[in-house]
Amino acid sequence: MKRIPHFIGGSAADSTADKVLAVMNPATGEQTASVPVATPEEIESAVSAARNAFPAWSETTPIKRARIMFRFRELLEANQETLARLITSEHGKVLSDAMGEVTRGLEVVEYVTGIPHILTGLASENVGTGVDSYGLRYPLGVCAGISPFNFPAMVPMWMFPVAIACGNTFILKPSEKTPSAALYIAELLAQAGLPAGVFNVVHGDKSCVDQLLDHPDVKAVSFVGSTPVAEYIYARASGNGKRVQALGGAKNHMVIMPGADIDEAADALMGAAYGSAGERCMAVSVAVAVGDQVADTLVAALKSRIKDLKIGPGIQADADMGPLISRQHRDKVTSYVGIGQSEGADLVVDGRSGFGDETQSGYFLGPSLFDGVSDGMRILNEEIFGPVLGIVRRSSLDEALDLINAHEYGNGAVIYTPDGEEARRFTREVAAGMVGVNVPIPVPVAYHSFGGWKRSLFGDHHMHGAEGVRFYTRLKTISTRWPKSRSAASQYAMPTLE
Ligand code: NAD
């Protein structure tokens, strides 16, 4: 059985750990590899590799760092399909989706190839007589990233390209369920000429993460995953004086207004709700139909489309939706379908049967659709993270906004409407970090920033774009004066420059 190594100090490093975890192919239910839970010594060795690499890397000129990122970008593009196949084999998502994930990550790499320009600071001349002032951003040191199973390439690429381009060194702890992409990326970075120790990968679980959160040499922690873990990471790492951005779970709503083109909204909802089997933090899991006529038409449109949705292994060319990540997660999502029924929602399409061979060993589950989802139901409030979509009926935009804004999460929110005034009101009043108007999954591009509000993000900075650069750098403001002759005598009042 293949045992996945760490990547420390510029090369793959076999682990000596006794504790290993199984890596599964969710489409077959077979174990494909095992992944070690790093020993404390292995974590320590990754931290010291990153710490030792930092002085030279932070002194490397931004244009040289950019050139390495440019070569990495070229290698990523040339090997995109290999990476996408690795993702599909461990995550289960369909290949086209995995290819799209790599593209979105690659775009962050493209963004940071402009790092010399991005890092240009503010400068002011004559802030006082003969005094000039300028601000510079400095890297922090060793940064750690902890990533979830659902985007094994894209989410790490929200983090490390920005961190590294800014002059930091990095340790990635990928999800133990989908660990191979990180290793492949590390090899491409080494091929691109990244010096040893600048990017390291360690595998493991909570114990390894805790060691990174407590390590005095780790200066910043980026996390993406579920809300309870995000909250924990934020509290522990920031309590240790580190900079932290911890992105958590989501429950994203799409409002469909009476004037909207229902066919277009239904097409958009199919991808947003069932794409990647609903295992996306920007998946839409609640559709808020304004008016019964909208709701009735929407339910009928979705029902007919769901019939045509093809479920199968992600590598199958015509599959629209692959399996869920694990048997345990499939059982959890399946249980939510039962919970919705017992709560009194109307189960219009039951994904638990009729969508292929239910005896197969992969973790497949068909798409479910509920109508009549109402306040207080668990299927309305909790993140299911699977192919389950609920329709909530409301009679006005006000009521739709109240519903969304009362939710504990605030990752993404979308409105489908042809009316500019409705759209403008929605974008201004909705309490979410990423908002779409007639755009079903409004994931910001690399040069904007990704992040939610409320309990979808703990910390002050979103990821990538300008916010990412701010997160991975600290500001120094310098005031200079070059007097030809001695200045006036000592002054004891607060200096003012005039
Ligand atoms: P998870 O929280 O279980 O795990 C995420 C990472 O944290 C993994 O690397 C895991 O090993 C580690 N981890 C797990 N438990 C830990 C603990 N107690 N202490 C320290 N580390 C721990 O999340 P997941 O199941 O891998 O991913 C799915 C979740 O991620 C969903 O809730 C989804 O909404 C969320 N997510 C959010 C975003 C976003 O941008 N907000 C993006 C993708 C996924």
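Counting starts at 1 for both ligands and their atoms, in listed order. Counting from 1, the numbers follow the sequence of the chain as shown.
Residue-level proximity to ligand 1 for Ala230 is absent, since no heavy atom of it falls below 4.0 angstrom. Contact annotation for Met463 and ligand 1: no heavy atom of the residue comes within less than 4.0 Å of the ligand. Residue Arg280 does not touch ligand 1, judged by heavy-atom distances below 4.0 Å. Of all the heavy atoms of Asn150, the ones lying under 4.0 Å from any atom of ligand 1 belong exclusively to the side chain.
The two residues Arg243 and Arg470 have their closest heavy-atom pair at NH1-O, 3.0 Å.
Under a 4.0 angstrom heavy-atom cut-off, Tyr409 registers as lying outside contact with ligand 1. Judged by the shortest distance from any of its heavy atoms, Gly452 lies outside the 4.0 Å radius around the atoms of ligand 1.
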Exercise. Starting from the C-alpha separation in whole Å, work towards a yes-or-no answer on side chain to side chain donor-acceptor pair (under 3.5 Å) for Lys242 and Tyr234.
Key: CA-CA 9 Å; Lys242 301 183 196 316; Tyr234 182 75; over 6 Å; no
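Listed by first and then second residue, the salt bridge (Lys or Arg N to Asp or Glu O under 4.0 Å) pairs involving residues 212-236 are Arg51-Asp217, Asp210-Arg236, Asp214-Arg236, Glu231-Arg455 (not counting sequence neighbours).
Near Lys206, with a cut-off below 4.0 Å to any heavy atom, the atoms of ligand 1 are 17 (C), 18 (N), 19 (N), 20 (C). Listed by number with element, the atoms of ligand 1 under 4.0 angstrom from any heavy atom of Ile146 are 6 (C), 7 (O), 9 (O).
Of the possible donor and acceptor atoms, none in the side chain of Glu30 sits under 3.5 Å from a partner among the backbone N and O of Asn25. A donor-acceptor distance shorter than 3.5 angstrom exists from the side chain of Thr103 to the backbone of Met99, with no hydrogens or angles considered.
Under the 4.0 angstrom criterion, atom 4 (O) of ligand 1 counts as lacking any protein heavy-atom contact.
Remark: aromatic rings of Tyr111 and His464 are distant, center separation not under 6.0 Å.
By the 30° and 60° cut-offs, the orientation of the rings of His6 relative to His203 is parallel.
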